[in-house]
Amino acid sequence: MQTAIARMLPAILRLPNPENSQPWDIVVRGHCLEVFHTSERDRLGPSPDDLCVLGLGMIAEAISLAASTEGLSVRLSYFLEGRCDREPWLRAELEATGCRADPLAAALTVRLSDRRRYAGGSLADPVFREVEQEESTAEGVNLHLTDRYPAEFLAQVEAADRLIFEIPDIRHDFMRWTRFTDKQILSTRDGMPWRAFLRQPERWYHYPQSRLWWLATCLDWFPAWMMRFEEFLFDDSGRPSPAGYDDCAALGCITTASDRSDDLVAAGRLALRIWLLLNLRGYSFQAMTNVTCIAYPQRLGRWEEPASIIPELGEAYSVLQNMFGFSDQELPIFCFRTGRPIGPFPEKARSLRRDDRVRWAD
Ligand SMILES: Cc1cc2nc3c(=O)[nH]c(=O)nc-3n(C[C@H](O)[C@H](O)[C@H](O)COP(=O)(O)O)c2cc1C
């Protein structure tokens with residue numbers, strides 16, 4: 001069993017997480033995996049707590065998939081009442097049952113975030129029927145797909161990204177996890193390499209641009225006038241919100257029936273399965289949670305600040321609702337874009353993972 005667990009761990013730890021902050025630690029105790037959360041590493045966003053629970057759903061799914069490749073079944077127990085960092089949030093008990101490997105497990109190690117321009121694709125592609133099939137088996141969550149890119153949505157994405165630089169706490173978190181030098185990337189093995197933001201192939205001038213951002217981050221110097229030149233520093237390839245997303249095959253939105261933790265866990269499990277499925281079928285994928293991070297807490301009456309800073313963000317929920325056509329009860333928690341890749345993903349843009357996140361208990 002221990003050898004099987006050791007083989008599973010690298011695939012589990014490749015799971016995606018916001019800003020690649022890697023807030024999960026695993027303790028292996030006999031045939032059990034206990035998952036702990038480090039809140040200090042997971043502070044980003046206006047509704048961090050609910051997004052963390054969605055993240056826990058992702059790790060639960062990753063464990064189940066990796067276990068299936070070893071013929072192991074998993075019994076999952078969640079401990080989400082009064083959660084804290086000292087106690088595990090999830091316990092996965094593994095049992096040898098000789099079950100069949102889930103084909104999606106093969107994508108765990110190749111899955112990635114592709115923020116480049118895409119080469120289109122079509123909602124008529126049979127992969128989207130498979131995606132819908134995934135959704136039909138999930139409870140407490142819905143998936144909505146569209147191949148329309150309304151201007152109001154693009155305006156929301158831009159406004160939500162502008163907010164990152166308007167609210168110092170969010171900006172600090174975002175810049176804290178952006179890695180501008182190769183040395184930093186290799187020594188931390190977390191965060192997002194600046195090359196992962198490039199929308200087009202790397203050119204010589206991207207390098208000095210990345211250094212300028214590195215300097216601004218070191219000095220924590222982000223004057224308002226400089227943000228107007230954002231695209232000349234980071235260029236359109238590096239802007240968090242490019243001018244258009246009409247290069248995709250589809251945009252998707254996962255909604256939950258409520259803010260209960262079982263619905264959030266279900267959303268995380270579904271999000272990871274769809275991500276893996278699309279990558280496995282050759283589609284690129286980028287999570288886009290900046291607008292949902294505003295719409296979700298606003299709908300619950302938890303966070304009004306964005307609209308007081310950028311008024312159009314007060315419309316975030318209705319813009320998403322008009323675009324994806326979900327009902328008034330649903331809460332949008334996870335948006336994504338997907339499409340055909342423009343070419344092989346550059347190795348240097350790939351995010352690394354820390355290898356100190358597992359402890360073997362006696
Ligand atoms: C819940 C969640 C939300 C995310 N939101 C965004 C987002 O809004 N924009 C983005 O470009 N990437 C987003 N990501 C992708 C992460 O930044 C990415 O998974 C992480 O940096 C690791 O890189 P990798 O996916 O290539 O392994 C999100 C990932 C998760 C799990």
Side-chain angles (χ1 to χ4, degrees), residues 10-24 37 41-62 107-118 141 156-158 160-161 163-164 170 173-179 185 188-199 234 237-242 245 248 251-254 256 264-265 267-276 278-279 284-296 316 320 332-338 341 345-354:
I12 295 170
L13 295 176
R14 278 291 315 161
L15 94 153
N17 47 89
E19 321 297 315
N20 196 23
S21 62
Q22 303 175 49
W24 306 111
H37 181 250
R41 297 187 70 85
D42 209 0
R43 236 164 41 79
L44 193 114
S47 58
D49 206 40
D50 289 1
L51 216 57
C52 294
V53 181
L54 178 140
L56 188 72
M58 286 190 160
I59 196 163
E61 186 61 38
L108 279 172
T109 47
V110 294
R111 182 217 54 79
L112 49 76
S113 297
D114 190 348
R115 303 184 182 87
R116 299 174 300 170
R117 284 197 70 78
Y118 295 160
V141 283
Q156 287 290 321
V157 176
E158 280 237 51
D161 284 342
L163 196 73
I164 294 175
I170 300 184
D173 278 339
F174 179 72
M175 295 317 250
R176 171 188 173 198
W177 295 114
T178 305
R179 303 280 173 249
I185 292 167
T188 62
R189 301 187 66 83
D190 61 16
M192 298 163 294
W194 63 272
R195 289 186 176 89
F197 290 124
L198 295 182
R199 288 265 291 163
F234 235 136
S237 62
R239 288 176 72 191
S241 53
Y245 280 118
C248 310
L251 294 167
C253 182
I254 293 177
T256 57
L264 291 163
V265 165
R269 297 193 72 155
L270 178 64
L272 183 62
R273 289 189 68 84
I274 291 175
W275 196 332
L276 294 170
L278 284 161
N279 279 180
S284 288
F285 187 102
Q286 179 187 4
M288 288 173 63
T289 49
N290 54 356
V291 181
T292 48
C293 268
I294 293 165
Y296 178 92
L320 290 178
I333 183 84
F334 186 92
C335 275
F336 62 87
R337 61 189 275 264
T338 184
F345 192 76
E347 223 20 67
K348 277 183 129 177
R350 237 182 127 98
S351 297
L352 300 181
R353 293 296 190 275
R354 286 157 51 216

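Whatever order the structure lists them in is the order used to number ligands and atoms, beginning at 1.
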Using only atom types and a distance under 3.5 Å, with no angle test, would you say the side chain of [X] pairs donor to acceptor with the backbone of [Y]?
| X | Y | answer |
| --- | --- | --- |
| Thr256 | Val141 | no |
| Asn279 | Leu112 | yes |
| Glu19 | Asp173 | no |
| Arg353 | Leu15 | yes |
| Arg41 | Ser21 | yes |
| Asn20 | Leu352 | yes |
| Arg179 | Asp190 | yes |

>> I'd like the name of whichever of Val291, Thr289, Ile333 reaches closest to atom 8 (O) of ligand 1 through any heavy atom.
In response: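 Nearest option to atom 8 (O) of ligand 1, by heavy atoms: Thr289.
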>> On a heavy-atom basis, I'd like to know which of Gln286, Arg115, Arg14 is closest to atom 17 (O) of ligand 1.
In response: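 Closest candidate by heavy-atom distance is Arg115.
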Considering only the protein, which heavy-atom contact is closest to [atom], and what is its distance?
| atom | result |
| --- | --- |
| atom 28 (C) of ligand 1 | Ala287 CB, 3.5 Å |
| atom 2 (C) of ligand 1 | Pro18 CG, 3.7 Å |
| atom 18 (C) of ligand 1 | Ser113 OG, 3.4 Å |
| atom 20 (C) of ligand 1 | Asn17 O, 3.3 Å |

> How about Leu320 and Cys335: do any of their side-chain heavy atoms sit closer than 4.5 Å?
Replying inline: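 The answer is yes; the side chains approach within 4.5 Å.
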Which atoms of ligand 1 have any heavy atom of [X] under 4.0 Å away?
| X | answer |
| --- | --- |
| Arg111 | 24 (P), 25 (O), 27 (O) |
| Asn290 | 8 (O) |
| Met288 | 7 (C), 8 (O) |
| Pro16 | 19 (O), 31 (C) |
| Leu54 | 1 (C) |
| Trp275 | 19 (O), 25 (O) |

> Is Arg350 in contact with ligand 1, taking contact as a heavy-atom separation below 4.0 Å?
Replying inline: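 Checking ligand 1 against Arg350, which is what was asked, there is no heavy-atom contact under 4.0 Å.
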>> Please determine whether any non-hydrogen atom of Gly55 lies less than 4.0 Å from an atom of ligand 1.
In response: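 Checking ligand 1 against Gly55, which is what was asked, there is no heavy-atom contact under 4.0 Å.
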Using a heavy-atom cut-off of under 4.0 Å, does the side chain or the backbone of [X] touch ligand 1, or both, or neither?
| X | value |
| --- | --- |
| Ser351 | side chain |
| Phe197 | neither |
| Arg353 | side chain |

> Between Phe336 and Phe285, how do the two ring planes meet: parallel, tilted or perpendicular, split at 30° and 60°?
Replying inline: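 Answer is parallel, since the angle falls under 30°.
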>> Ignoring hydrogens, what is the shortest heavy-atom contact between Pro23 and Asp42? Give both atom names and the distance.
In response: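 Distance-wise, the nearest heavy atoms are CG-OD2, 3.5 Å.
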>> Which heavy atom of Phe345 sits nearest to which heavy atom of Arg350, and what is that distance?
In response: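 Minimum heavy-atom separation between Phe345 and Arg350: CE2-N, 3.8 Å.
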